[in-house]
Amino acid sequence: NAGVTQTPKFQVLKTGQSMTLQCAQDMNHNSMYWYRQDPGMGLRLIYYSASEGTTDKGEVPNGYNVSRLNKREFSLRLESAAPSQTSVYFCASILRGTGQGETQYFGPGTRLLVL
Amino acid sequence: LAKTTQPISMDSYEGQEVNITCSHNNIATNDYITWYQQFPSQGPRFIIQGYKTKVTNEVASLFIPADRKSSTLSLPRVSLSDTAVYYCLVGPSSGSARQLTFGSGTQLTVLP
């Protein structure tokens with residue numbers, strides 16, 4: 001049981017290049033999120049997927065697209081990278097308990113540097 | 001959105017009990033309070049969650065007063081390895097994820 005995995009761990013891009021960040025979970029969770037975390041800051045929600053086949057915008061969606069490929073996988077795509085997208089990206093898989101709040105399980109993160 | 005306010009940083013010594021308070025004045029009826037811990041270069045990790053009164057698990061306790069406008073994470077007898085950023089998150093058990101907001105967190109530094 002690997003939990004939440006993310007690839008790549010680290011990436012350097014030039015301005016204007018594109019790339020896809022991959023996230024997969026093996027916990028059979030319905031919901032998955034993508035966050036970004038800038039130095040010294042909290043996490044900001046980019047996009048989320050409440051269930052397979054659905055996606056919705058979070059707080060900072062501009063410049064990103066997502067795909068919920070199946071229940072396990074949720075990818076984040078940067079079509080034309082900009083220096084402002086230099087950040088650490090975290091994927092989370094969500095357990096929603098009956099009568100309880102949700103618990104988020106985070107991946108190890110992808111460190112992205114855009115030059 | 002239930003906005004949260006936490007101290008930016010706290011220092012403590014090994015073996016002491018640490019209490020970190022989070023203010024959430026506009027918490028909604030169906031909101032839960034969840035605390036996460038984050039070490040450098042890692043994703044946040046769930047610590048504890050509660051709705052009201054007191055919750056305790058093997059690593060922490062969470063105290064929530066009757067009005068639920070604040071909550072306190074209590075870490076008993078901290079060690080150096082508890083040095084991390086602690087986030088308070090307030091949000092509903094169901095509904096839009098856009099209602100979930102991570103604040104800036106509290107940097108806890110445990111000193112020898």
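By convention in this document, chain letters (A, B, ...) are assigned in the order of the sequence lines, proteins followed by strands, and residues within each chain are numbered from 1. Hydrogens, waters and symmetry mates are skipped; everything else that's a heavy atom, side chains included, is used.
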Y13(B) atom OH: more than 12 heavy-atom contacts under 6.0 Å: no

ILVMFWY cluster, Y64(A) and Y35(A) together (side-chain gap under 4.5 Å): no

Relative to chain B, which segment of R111(A) carries a heavy atom at a distance below 4.5 Å: side chain, backbone, both, or neither? side chain

Say whether Q38(B) and Q37(A), considering side chains only, have a donor N or O and an acceptor N or O under 3.5 Å apart. yes

Do the side chains of V4(A) and M32(A) join up, straight or via other hydrophobic residues, at under 4.5 Å, putting them in one cluster? no

State yes or no: do Y86(B) and V59(B) share one hydrophobic cluster built from I, L, V, M, F, W and Y residues joined by side-chain heavy-atom distances below 4.5 Å, directly or via other members? yes

Tell me which of these, Y87(B), Y36(B), Y51(B), has more heavy-atom pairs under 4.5 Å with chain A than the rest. Y36(B)

Does a side-chain heavy-atom distance below 4.5 Å link L89(B) with Q104(A)? yes

